[in-house]
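Notes for the one structure printed next.
Since the structure is predicted, the reported quantities are computational estimates derived from the model, not experimental observations. Values below: all heavy atoms of this structure, side chains included; hydrogens, waters and symmetry mates excluded.
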Amino acid sequence: MRVALLSPAGRGALAVIHAAGEGARARVEAMLGRPLEDRPRAGTLRAEGRAVDEVMVRLVPGFTGEETVEITSHGGASADAVMAALGGTRVSPEELLERGVETGALDRLRAEAWVLLPRAATELAALVLRDQAEGALSRAVEAMASPLDAAR
């Protein structure tokens, strides 16, 4: 299982964490004490008999194509505590996206757009990158390549 902090590190009101890979769902369900759903549900994550944090959790498609749980916790030290309690291997968001390329869940163009999106300097840049992250550029490149491939 890989655990990534998707929101900026440091002090903040909320943090978004993805736990992805084999065992992610089972681990979070055990800590939460109930099954997960696709819609967000509030609960208390517990580890070793103590409350770690009040969180919102849901199952999401994720970037890797593997089972993925999204956890919205309090930020700062609370997010660090949640990640420590989850266990697994801590990875950066970029490493999680690279895993998506490895599994075939994302192509390189989409992964790069997701990496660049948080750094967008303008609203227009963010809109274009979001569109590319959702696959618009990949589809356009594929459409351009198809007639060439057919001619060969």
Check [X] against [Y] and note the closest heavy-atom contact, atom names and distance.
| X | Y | result |
| --- | --- | --- |
| L117 | A126 | CD1-O, 3.3 Å |
| A125 | T122 | N-OG1, 3.0 Å |
| A113 | A133 | CB-N, 3.5 Å |
| A79 | A15 | CB-CB, 3.6 Å |

Sub-3.5 Å donor-acceptor pair from the side chain of [X] to the main-chain atoms of [Y], do we have one?
| X | Y | answer |
| --- | --- | --- |
| R2 | T89 | no |
| E67 | A24 | yes |
| D53 | H74 | yes |
| S138 | L109 | no |

Tell me every residue that passes side-chain contact (heavy atoms from CB on, under 4.5 Å) with [X], counting only those two or more places apart in sequence or in another chain.
| X | result |
| --- | --- |
| A111 | L97, V101, L106 |
| A20 | T64, T68, L96 |
| A13 | none |
| R139 | A136 |

Using salt bridge (charged side-chain N to carboxylate O under 4.0 Å, His left out), reason through R58 and E70 one step at a time and then give a plain yes or no. CA-CA 5 Å; R58 68 182 181 139; E70 183 174 86; 2.9 Å; yes
Hey, any chance [X] and [Y] share a hydrophobic cluster, counting ILVMFWY side chains that come within less than 4.5 Å of each other, even indirectly?
| X | Y | value |
| --- | --- | --- |
| V91 | W114 | yes |
| L36 | V82 | yes |
| L116 | V16 | yes |
| I71 | F63 | no |
| V57 | V60 | no |

Report the C-alpha distance between V69 and L59 in whole Å, list the side-chain angles of each, state the deciding distance to 0.1 Å, and finish with yes or no for side-chain contact (heavy atoms from CB on, under 4.5 Å). CA-CA 5 Å; V69 180; L59 294 170; 4.0 Å; yes
Taking the side chain as every heavy atom from C-beta outward, state whether [X] and [Y] have any atom pair closer than 4.5 Å.
| X | Y | result |
| --- | --- | --- |
| T44 | L32 | no |
| R41 | R34 | yes |
| S7 | L14 | no |
| M1 | E66 | no |

Which pairs with one or both residues in residues 85-95 pass salt bridge (charged side-chain N to carboxylate O under 4.0 Å, His left out), sequence neighbours excluded?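 Pairs touching residues 85-95 that pass the test: E94-R119.
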Applying salt bridge (charged side-chain N to carboxylate O under 4.0 Å, His left out), which residue pairs with at least one partner in residues 12-23 are found, sequence neighbours left out?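 For residues 12-23: none.
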Gap between atom CE of M31 and atom CG of L45 - 0.5 Å precision: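 One gets 4.5 Å once the value is rounded to the nearest 0.5 Å.
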What's the spacing between D107 CG and E112 CD if we round to 0.5 Å?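 Reported value, rounded in 0.5 Å steps: 10.5 Å.
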Given E98 and R108, is the salt bridge (charged side-chain N to carboxylate O under 4.0 Å, His left out) satisfied, shown in steps? CA-CA 8 Å; E98 185 60 34; R108 178 67 58 198; 2.7 Å; yes
Salt bridge or not for E48 and R50, using N-O below 4.0 Å?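 Between R50 and E48 there is no salt bridge, as every charged N stays at least 4.0 Å from the carboxylate O atoms.
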